[in-house]
Amino acid sequence: MSKTINLTLKVWRQPGSEAKGAFETYGAKDISTDMSFLEMLDVVNERLSVEGKDPIAFDHDCREGICGMCGSVVNGVPHGPQKATTLCQLHMRHFADGDTLVIEPWRSRAFKVIKDLAVDRSAFDQLIQTGGYISANTGAVPEANAILISQETAELAMDAAACIGCGACVAACPNASAMLFVGAKVSQLALLPQGRPEAAKRVQAMVRKMDELGFGACSNEAECEAVCPKEISITNIARLNRELIKAAFGSPF
Amino acid sequence: MNWIIRTLTCSVGKKLIMAVTGLSFCLFLVSHLAGNLTIFKGQKAFVSYAESLHSLGALILMAELGLLVLAIFHICFGIWLFVGNLGARPVGYAVKKNAGGRTLSSAIMPYTGLFLLVFIIIHLLTFHFADRGGKDVYNLVHTTFTKPGYVIFYLIAMIAAAFHVKHGFWSAFQTIGANHPKYMPVIKTVGLVFSLLVGFGFGCLPIYLSLS
Ligand code: FES
């Protein structure tokens, strides 16, 4: 049976990236506990529209936890209180009647607020453009079993590749560092033979880009791992460090 | 040459400097603590330990200079990282909760570090550069720790050191890339035990001397 709850929302409202923002308080009445967090925001927005007010801008796309578009900081935790869950997959049953929720955008020098809760994460795209790929020639499809990869290695690479690029790691990090994201991207490619030829160039270029974009430096707080909806492990950051040391001291460039 | 500077000034490189210098300090702490514990064997043992150290002459000078260089790198890069990281989030959160990764020792890392810097300066002024006025080093240490202010300051500093080492030890391994499912639990345990040894080991000396 579906229950309904009443909440108080304190939402960060900011009309544009250069504008000054502030918190606005809204009541969220009769929210079904079966709703997702974003559906709750939809309901609030519909009511705001009816009242002739500007609805709250927030990012979303798939709403099934796989695209990485959604995400806000809810009561101080990116993607809210539920472990390994994106905001779109967070259900209102995890909140109690009468709760006050403070909802803020990701905060980082590298992520500018576009409007309200929507932030510009193109810095991640730039990081991917810098090295988050492999170069492959076109032509006939290579024989799938020509390069053997152990199940364990494939799993490790797959765990790193589970990253959806939502940016919660940066939002949670006390230093606004992007090392979990970069660590995951470097790892998923460095672990597989296809990624090895460009591994040394990739890691150096991506770390340089990450610094240039204004992300902080990791101090091993492990907050990123704790909020990551895909539970990417900080062992990937260790691998990033290892790859960088190997590249810097071992490669000819 | 260019590649060395490029590597050591990138974010991972800066952390690497912190890790390598930090681990060196851990080794130093081991030898320092071992030496200091001779105080429990009495005045003679402690004085002869100090004298045999000084008799090393140029060797001890080199070790001191080495420690100074390590300290300069650790402090400068630490401050560089700290200031840089503050700048990475110009607008903070109204509400920020620990999601489960952060520990007390990791959260206060820069502050325990700065406090230890103040401590080390005072420590060196009190014992290393002090005018002993004919007294032996045991007497100097002993009279210093009859002052309760010193004892309390030292105890706080040792608690800070224990917290600093607790996060720093495993952190250094993570930074040099040595996070392995087989070894990380061992590294974390060793770090915890070592931090306790540092805290209690160094901390018991002022208490013992102030009571004896
Ligand atoms: S909207 Fe796609 S992950 Fe949440």
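Naming: A, B, ... by sequence-line order, numbering from 1 per chain. Note that this is a predicted model, so its numbers are computed, not measured.
The closest donor-acceptor contact from the side chain of E225(A) to the backbone of G101(B) lies at 3.5 Å or more, if one exists at all. Side-chain atoms of Y93(B) do not come within 3.5 Å of backbone N or O of G76(A) as any donor-acceptor pair. Under a 3.5 Å cut-off, the side chain of R89(B) and the backbone N or O of A171(A) do form a donor-acceptor pair. Judged purely by atom type and a 3.5 angstrom limit, Q174(B) has no side-chain atom pairing as donor or acceptor with the backbone of N220(A).
Between V12(B) and the choices L244(A), V182(A), I237(A), the side-chain contact (heavy atoms from CB on, under 4.5 Å) rule is met once, by L244(A).
Side-chain contact between W3(B) and F249(A): present, with at least one pair of heavy atoms (C-beta onward) separated by less than 4.5 Å.
Remark: F115(B) engages F153(B) in a ring pair (Phe, Tyr, Trp, His ring centres under 6.0 Å) (not counting sequence neighbours).
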_Stepwise salt bridge (Lys or Arg N to Asp or Glu O under 4.0 Å) check, E223(A) with R102(B)_ = CA-CA 6 Å; E223(A) 281 290 291; R102(B) 208 166 204 205; over 6 Å; no

*Decide yes or no on side chain to side chain contact (heavy atoms under 4.5 Å, CB included) for L81(B) and S219(A), but give the supporting numbers first.*
CA-CA 9 Å; L81(B) 280 164; S219(A) 59; over 6 Å; no

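Distance check, rounded to the nearest 0.5 Å: CZ of R208(A) to CZ of R6(B) gives 5.0 Å. Atom CG of D211(A) sits about 6.0 Å away from atom SG of C10(B), to the nearest 0.5 Å. Remark: S11(B) OG to N175(A) CG distance equals 11.0 Å, nearest 0.5 Å. The CZ atom of R109(A) sits 11.5 Å away from the CG atom of L86(B) when rounded to the nearest 0.5 Å. With rounding to the nearest 0.5 angstrom, the CD atom of Q204(A) is 6.0 Å from the OG1 atom of T7(B).
Neither the backbone nor the side chain of E243(A) comes within less than 4.5 Å of any heavy atom of chain B. Contact of L16(B) with chain A is made through the side chain alone, with heavy-atom distances under 4.5 Å. Heavy-atom distances place no part of N2(B) under 4.5 Å from chain A, backbone and side chain included. In this structure, chain A has no heavy atom under 4.5 Å from any part of H180(B). Residue contact with chain B, scored on non-hydrogen atoms closer than 4.5 Å, is absent for A247(A). Contacts between K96(B) and chain A at a heavy-atom distance below 4.5 Å involve backbone atoms as well as side-chain atoms.
Side chains of T175(B) and N241(A): no donor on one and acceptor on the other come within 3.5 Å.
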